[in-house]
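Data first, discussion second: the structure below is written as structure tokens.
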Amino acid sequence: FPYTTLFRSGNPTLAGNYEAAYCVIDRTLEGFQITWADIGQYPGTSPISDCSAYGAYTPVTNVDAQAKVTLDVCKLETLVGAGNFADARTVYQEGQNSPHKLADMAQATSSSPMWQKYHAFHSDAKHMHTLINSALAGGGKWQGKDDARAQVVKKGTRDLVLPMFIIHKLDSVLEGLAQTPPAATAAGEWDEAYAFYTGLELECPSGKGGSPHDTAQDRAKDFSTITFGRPNVHRHIGAAFKDGLAATRAGDVEKARTARNEIVKQLVIPYLQGAIKYAHELDNDISSNNDDAVKHQAEAYVFLRAVAAQLADSDAAATTALLTRLDVATEPEEGNYIATYCLVEKALQPLGITWEDVGRYAGTRRVNCATGKLIEIEDDLEPCSTARVTLFTAQCSTQAAMAPLLVDTETNKDDLCGYKYDAVKCMHDHAMTFECSLPSFGIPTEEEKEEVYSDRRHLLDTESDPFIDGQLGLDDWPT
């Protein structure tokens, strides 16, 4: 499923294309009765020894019907985007492309511990349907807020219903494996969970996808949690799904449980990212009197709701209070980013997740949750290595040979650790100069210089570099 998105028109140019192309071809060779000996090897390349790291998952059962439910999510997006909530309600209730109706999934019963946790938190066994059906019906708190209604319908089906159904299927597999003899349907249900995660590889008319896989893709771009062209969440979930399928087919319930737990953990990350992103956007809207405030309020609400019961394990009162302030029934007010950041921070360790896993949304700063205030830029250096700061200092030199490495616009020149550099294209033939107001970091050590050399080789993707090739030597390093 995932590879067809890599070269899709409109997607950003990313690294990792060779590995992804190699692995998708590797998966299909047997079907074509072709071998790598027939294809040969392109000069300068090496075979990929383990394609599992790139999410190569092959279902053992036909799960097209499950994957097609994302077509209904896309249809809903088209209809609510045009303000046609009546027809959207029909698609939600009756389905159009898959026998799995979204309304039925939202109201399903399950013995899954996670389902029970969310039912208890919301005091409503049909809490997902209650929210989505309310937005489809309109009126009340939704009056005059069609943009917010549309977001709740789309993201409610894609990011509440589908992830919960994935967990329902995984937990059903564990129940089946615990039986004597193990349930014969276990592998099929594991495949179904994967199909609900990826959906069909298509774009909704908006250019966005209709599956949790696509949510993870978008949030990874926002938070720079991408390695070698592939979102970290995709990489971990793909490997866990593959390991879990093997365990399921072998009847190994404990290994299947380990894979299930990893999948559930990784599913949480995009929704933490989404809650942080839209809380920040909401604050910006309020401060600038932007008309998108209620829309972003609704988006932040759905993303927070997707992980609310798990966050409540760390602070139930704060979780409930934040959901209330993000509900469109509440007049938007500032302070959402700090409240969301600190709630997430409190829950990270119990969830087995780190800030490195979550990343940082472009343009945001860390928060001192003890004081409830943003950390000042000059103190916000913890996520950056000394070499990164040194590299920034070097970029601020007036030497024309230096390419802009860390800063994309002059307005961000003082934001040392805003993770802007992850999105910056490094070009040898373009120089940027401006005056910098930086604290003194001192002269870098030889080890720090070598770390920067390594960073530059990676960023520039070349061995040719004014420092590396001797045009500028170690003694010429800017202080």
Side-chain angles (χ1 to χ4, degrees), residues 106 112-132 134-135 141 148 151-152 155-156 158-164 167 212 215 219 223 261 264-283 286 293-294 296-355 357-359 361 364 366-374:
S112 161
M114 190 66 75
W115 275 60
Q116 297 303 317
K117 177 191 287 285
Y118 274 82
H119 291 173
F121 176 78
H122 291 289
S123 300
D124 182 359
K126 298 181 179 180
H127 60 96
M128 295 181 288
H129 174 71
T130 300
L131 174 67
I132 296 165
S134 169
K141 69 180 181 181
Q151 291 301 322
V152 168
K155 289 182 169 62
R158 185 190 69 185
D159 299 313
L160 297 181
V161 177
L162 293 184
M164 287 303 296
I167 297 171
T215 300
R219 298 293 79 80
F223 283 74
N261 291 343
V264 172
K265 183 180 87 170
Q266 294 297 326
L267 278 173
V268 168
I269 293 172
Y271 301 111
L272 298 178
Q273 293 171 327
I276 291 169
K277 171 184 176 176
Y278 289 109
H280 181 261
E281 293 299 325
L282 173 58
D283 284 349
I286 295 168
V294 176
H296 287 147
Q297 183 182 22
E299 290 179 284
Y301 177 81
V302 175
F303 277 112
L304 183 69
R305 188 163 170 143
V307 290
Q310 289 141 287
L311 296 177
D313 286 340
S314 297
D315 193 331
T319 302
T320 301
L322 185 55
L323 280 172
T324 299
R325 72 182 292 164
L326 292 176
D327 192 312
V328 297
T330 303
E331 186 69 22
E333 58 181 16
E334 290 184 275
N336 302 287
Y337 170 69
I338 290 177
T340 304
Y341 183 105
C342 291
L343 178 59
V344 169
E345 181 167 270
K346 186 176 292 187
L348 286 181
Q349 185 174 358
L351 290 171
I353 295 170
T354 67
W355 277 120
D357 297 325
V358 175
Y361 185 49
T364 63
R366 291 184 303 133
V367 178
N368 182 337
C369 293
T371 62
K373 295 182 179 179
L374 296 174

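Since the model is a prediction, treat every value here as computed from it, not as a measurement.
Close placement of the Tyr341 and Trp355 rings is indicated, their centers lying within 6.0 Å of each other.
A donor and an acceptor atom, one from each side chain of Gln310 and Tyr118, are located under 3.5 Å apart. Glu281 and Tyr361 form a side-chain donor-acceptor contact under 3.5 Å, judged by distance and modelled atom types alone.
Salt-bridge annotation for Asp357 and Lys265: absent, with no side-chain N of the basic residue lying under 4.0 Å from a carboxylate O of the acidic one.
Put simply, OH on Tyr278 and NZ on Lys155 are 4.5 Å apart, with the number rounded to the nearest 0.5 Å. With rounding to the nearest 0.5 Å, the separation of CG in Leu374 from OH in Tyr337 is 6.5 Å. Taking CG of Leu322 as the reference point, atom CG of Leu304 lies at 5.0 Å (rounded to 0.5 Å). In this structure, Met114 CE and Ile167 CD1 are separated by 5.0 Å, a value rounded to the nearest 0.5 Å. Note that the CG atom of Leu131 and the NZ atom of Lys126 stand 15.5 Å from one another [nearest 0.5 Å]. A distance of 10.5 Å separates CG in Leu272 from OG1 in Thr340, rounded to the nearest 0.5 Å.
Residues passing the side-chain hydrogen bond (donor to acceptor under 3.5 Å, both in side chains) test with Lys141 are Asp327, sequence neighbours excluded. By the ring-ring contact (aromatic ring centres under 6.0 Å, His included) test, Tyr271 pairs with Phe303, sequence neighbours left out.
Side chain of Gln297 to main chain of Arg325: a donor-acceptor pair is present (N/O by atom type, distance under 3.5 Å, no hydrogens or angles). Remark: side-chain polar atoms of Asp283 are paired, donor with acceptor, to backbone N or O of Gly335 under 3.5 angstrom. A donor-acceptor pair is defined here as one N or O able to donate and one able to accept, closer than 3.5 Å; such a pair exists between the side chain of Thr324 and the backbone of Thr320.
Leu282 and Ala293 get closest at one heavy-atom pair: CD1-O, 3.2 Å. In terms of heavy atoms, Leu343 sits closest to Ala318 at CD1-CB, 4.1 Å. Residues Val302 and Leu160 approach most closely at O-CD2, 3.8 Å, considering heavy atoms. Listed here is the closest heavy atom pair of Glu345 and Cys369: OE2-SG, 3.3 Å. Between Ala308 and Thr319, the shortest heavy-atom distance links the atoms O-CG2, 3.5 Å. Considering all non-hydrogen atoms of both residues, Ile338 and Gly372 come closest at CD1-O, 3.4 Å.
By the 4.5 Å heavy-atom criterion applied to side chains, Tyr301 and Thr330 are not counted as neighbours. For the pair Ile269 and Gln266, the minimum side-chain heavy-atom distance is below 4.5 Å.
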Under the side-chain contact (heavy atoms from CB on, under 4.5 Å) rule, what do Glu299 and Lys277 come out as? Steps first, then yes or no, please. CA-CA 9 Å; Glu299 290 179 284; Lys277 171 184 176 176; over 6 Å; no
Would Val161 and Ile132 satisfy side-chain contact (heavy atoms from CB on, under 4.5 Å), going step by step from the backbone distance to the final call? CA-CA 10 Å; Val161 177; Ile132 296 165; 3.7 Å; yes
Walk me through whether Val358 and Leu348 qualify under side-chain contact (heavy atoms from CB on, under 4.5 Å). CA-CA 9 Å; Val358 175; Leu348 286 181; 4.1 Å; yes
Thr364/Ile276 under side-chain contact (heavy atoms from CB on, under 4.5 Å): CA gap, chis, key distance, verdict: CA-CA 10 Å; Thr364 63; Ile276 291 169; 5.6 Å; no
